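Since the model is a prediction, treat every value here as computed from it, not as a measurement. In the text below, chain A, chain B and the rest are named by the order of the sequence lines, each starting its count at 1.
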Amino acid sequence: MKTNSKIEKIWDSGGFIVTSECGPPRGADAEIVRKKGEYLRGVVDGVNVTDNQTSVVRMSSLSACAILKGMGLEPILQMVCRDRNRIALQSDILGAAALGINNMLCLSGDHQKFGDHPQGKNVYDIDSMQLIQTVRQMRDEGKFLGGDEIKGKPVIFIGAAENPFADPFEIRAARLGKKVKSGCQFIQTQCIYNLEKFSRWMQMVCDRGLHEKCAILAGVTPMKSAGMANYMKKNVPGMDVPDALIERMKGTPKEKQAEEGINICVESIQQLREMPGVRGIHIMAIEWEEKVAEIVKAAGLFPRPEV
Amino acid sequence: MRLSYPSNVKVVKVPCTGRVDILLILHAFENGVDGVYLAGCLEGECHFLKGNLRAKKRVQYVKGLLEEVGIGGERVEMFNMSASQGQRFAQCAQEMTERVRSLGPSPVKGGSKK
Amino acid sequence: MIVGNRKEFQEIVGMLGSNRRVLLLGCNECVTVCGVGGEKEVGVLASELRIHWKTAGETFEVKEHTLERQCDYEYIDQVRGFVGDYDVILSMACGAGVQYVAEAYKTKLVMPAVNTTFLGVTLEQGVWSERCQGCGACILDMTGGVCPIARCAKSLMNGPCGGSSGGKCEVDKEVDCGWQLIIDRLTELGQLDRYEDIIPVKDWRSSREAGPRKRIREDLRL
């Protein structure tokens with residue numbers, strides 16, 4: 001079933017997709033969402049809105065999506081299985097569709113251990129794979145997981161995430177294959193710093209023909225400093241930051257490190273664009289949304305197509 | 001050698017420090033001793049291979065229990081020496097006696113907390 | 001077996017409050033094997049309590065008694081003759097045992113000395129590890145004999161998540177990634193193709209989700 005998703009339209013037209021993300025604030029101030037949204041207007045094709053990322057309580061993804069939608073942007077609702085059971089998930093899917101949100105990213109979610117409420121109980125009634133299946137069933141079959149008929153199907157373009165750098169490496173493409181089989185139509189990857197390893201993963205993806213069934217968007221995150229590079233290497237699970245990159249950041253004078261981080265990001269995008277099977281870029285500028293336009297322009301991805 | 005060691009030390013003979021159960025140590029404290037130490041063979045030289053190493057772990061465990069009940073883990077200790085080190089035996093007896101003396105009598109006796 | 005941890009001594013003392021005649025009840029089953037509530041541990045806790053109250057200079061009485069099981073009425077009933085001599089029963093059994101003792105002696109205070117933690121195995125002497133969460137609908141045939149519900153921090157039915165690194169879980173570097181174990185085992189069994197199967201949404205009604213569970217075997221009933 002075709003959706004009104006801008007991402008889907010670009011994918012269908014054979015274009016190159018650019019998305020970015022907007023982390024909702026840790027408070028009820030809608031202005032912060034609008035300000036971040038303003039930075040991304042016209043610069044990207046879709047804006048992910050994170051769902052309590054790293055298990056830290058923030059404004060709900062659905063609300064922030066609604067605010068962005070109201071501004072005329074194309075939000076991508078991120079939804080994690082950590083905090084909601086199948087009843088709440090399906091209810092939010094209906095709510096999102098009712099608000100005109102066309103895209104969803106189905107995720108397991110970071111464990112609550114990493115967040116601000118490690119004392120909490122997680123849910124994990126279903127996992128990200130099953131969430132993909134759930135959205136597809138609701139949309140294509142018009143049925144809830146329980147089997148009852150839905151009056152007013154949620155017409156949503158379905159995405160998921162994949163980390164090419166997590167272990168065991170050998171099954172990563174197979175796992176993506178399962179997501180595609182479940183109904184996933186676009187993938188945004190974990191931030192890529194190790195391009196060589198990513199290209200090996202991409203090769204496995206292409207060998208399975210998955211790049212033809214699902215839009216692969218390569219994830220990038222500009223580094224603000226050598227400290228951030230180091231932190232990501234050491235403390236972020238499943239992150240692969242090569243030493244050469246850290247050395248390059250360290251070798252740059254402190255006041256120029258942010259600029260160098262942007263340069264590295266732009267260079268990565270240019271290399272990723274050339275890789276067979278890559279159909280888009282997902283720019284995760286963490287609390288640095290104002291830099292996305294600069295990156296998109298420097299990478300030669302501007303202007304964005306009208307669809 | 002006829003070395004002397006403090007007369008307050010009462011020796012309880014066991015075939016191996018590996019025989020010393022945590023309950024033996026706890027019961028000694030219940031009955032009012034001020035301190036307990038184990039004199040085991042040198043590490044790596046246990047006739048039963050690991051007896052003294054087990055004793056060492058148990059002493060550590062009992063230290064935790066004594067801390068829990070508020071009489072202090074320093075009142076129990078593990079020493080290692082060979083059968084020929086009479087000098088060291090006397091020295092350890094002296095050292096432990098001094099430690100316990102500085103800690104004062106065990107609070108278990110007569111309910112000192114009251 | 002059921003594995004537990006003994007509660008902190010100060011918590012136990014606080015729980016007992018002014019009750020000075022204690023029947024300390026051990027259990028000879030799981031909690032004995034995992035070194036938390038058998039005869040030995042009853043002895044240690046009793047000794048600690050005596051030292052504590054002696055130090056405080058107050059009278060205190062503890063009766064040490066270890067039952068064959070605390071999850072069968074016949075054994076619990078064995079202390080009926082002297083339970084009245086004590087203010088409180090402090091049970092060192094798992095949560096099931098503590099509750100069953102409480103059910104048997106309705107007017108007696110019953111308190112837990114143990115935090116019941118998981119269903120697990122002995123990895124080596126003194127080391128236990130979780131294996132099962134009692135979900136009531138076993139899928140070990142599909143996952144190479146490794147349970148994703150008990151052994152994945154997120155209970156993912158179709159893992160591993162993006163946090164699996166070097167065979168370890170993102171939640172704790174000491175903990176094996178359950179899905180890495182599943183994949184390793186499927187590989188060894190020559191069944192890695194099974195990894196391609198998507199495990200469907202689970203029916204949690206067999207688990208605790210449908211409320212407290214009960215099992216009846218009519219042929220065994222008297």
Reported [atom1]-to-[atom2] distance for the pair [X] and [Y], which is rounded to 0.5 angstrom:
{"X": "H111(A)", "Y": "C169(C)", "atom1": "NE2", "atom2": "SG", "value": "7.0 Å"}
{"X": "C152(C)", "Y": "Y124(A)", "atom1": "SG", "atom2": "OH", "value": "8.0 Å"}
{"X": "I198(C)", "Y": "K179(A)", "atom1": "CD1", "atom2": "NZ", "value": "11.0 Å"}
{"X": "D127(A)", "Y": "K202(C)", "atom1": "CG", "atom2": "NZ", "value": "12.0 Å"}
{"X": "E170(A)", "Y": "Y195(C)", "atom1": "CD", "atom2": "OH", "value": "11.0 Å"}

Taking atom [atom1] as the centre, does [X] end up with more than 12 heavy-atom neighbours from other residues, nucleotides or ligands that are less than 6.0 angstrom away?
{"X": "I87(A)", "atom1": "CD1", "value": "no"}
{"X": "K173(C)", "atom1": "NZ", "value": "yes"}
{"X": "R205(C)", "atom1": "CZ", "value": "no"}
{"X": "Y231(A)", "atom1": "OH", "value": "no"}
{"X": "E174(C)", "atom1": "CD", "value": "no"}
{"X": "Q119(A)", "atom1": "CD", "value": "yes"}

Side chain / backbone / both / neither for [X] at chain C, heavy atoms under 4.5 Å:
{"X": "F114(A)", "result": "side chain"}
{"X": "I126(A)", "result": "side chain"}
{"X": "L145(A)", "result": "side chain"}
{"X": "R82(A)", "result": "neither"}
{"X": "S182(A)", "result": "both"}
{"X": "Q133(A)", "result": "side chain"}

query: Which bit of L156(C) is near chain A, if near means a heavy-atom gap under 4.5 Å: side chain, backbone, both or neither?
result: both

field: Contact origin within D197(C) toward chain A - heavy atom pairs under 4.5 Å
entry: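 For D197(C), backbone heavy atoms alone lie under 4.5 Å from chain A.
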
message: Tell me the closest heavy-atom pair linking I171(A) and P160(C), and the distance in Å.
response: CD1-CD, 3.7 Å

Counting only N and O atoms by type, is there a donor-acceptor contact under 3.5 Å from the side chain of [X] to the main-chain atoms of [Y]?
{"X": "K178(A)", "Y": "E196(C)", "answer": "no"}
{"X": "Q130(A)", "Y": "N158(C)", "answer": "no"}
{"X": "K154(C)", "Y": "N122(A)", "answer": "no"}
{"X": "S164(C)", "Y": "D167(A)", "answer": "yes"}

query: With respect to chain C, which residue among A174(A), P164(A), S128(A), A161(A) yields the maximal number of heavy-atom pairs within a distance under 4.5 Å?
result: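 The residue among A174(A), P164(A), S128(A), A161(A) with the greatest pair count is A174(A).
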
field: Choice from K181(A), Q190(A), E162(A), Q112(A) maximising heavy atom contacts with chain C below 4.5 Å
entry: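 Answer, by heavy-atom pair count under 4.5 Å with chain C: K181(A).
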
field: Check against side chain to side chain contact (heavy atoms under 4.5 Å, CB included), W179(C) and R175(A)
entry: CA-CA 12 Å; W179(C) 272 96; R175(A) 181 160 149 83; over 6 Å; no

message: Non-hydrogen contacts under 4.5 angstrom with chain A: give the residues of residues 23-37 of chain C involved, or none if there are none.
response: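 Counting heavy atoms that sit under 4.5 Å from chain A, no residue of residues 23-37 of chain C is involved.
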
Using atom types as modelled, flag every donor-acceptor pair under 3.5 Å from a side chain in residues 126-134 of chain C to any protein atom, sequence neighbours excluded.
from, atom 1, to, atom 2, distance (Å)
W128(C), NE1, T122(C), OG1, 3.3
S129(C), OG, R131(C), NH1, 2.7

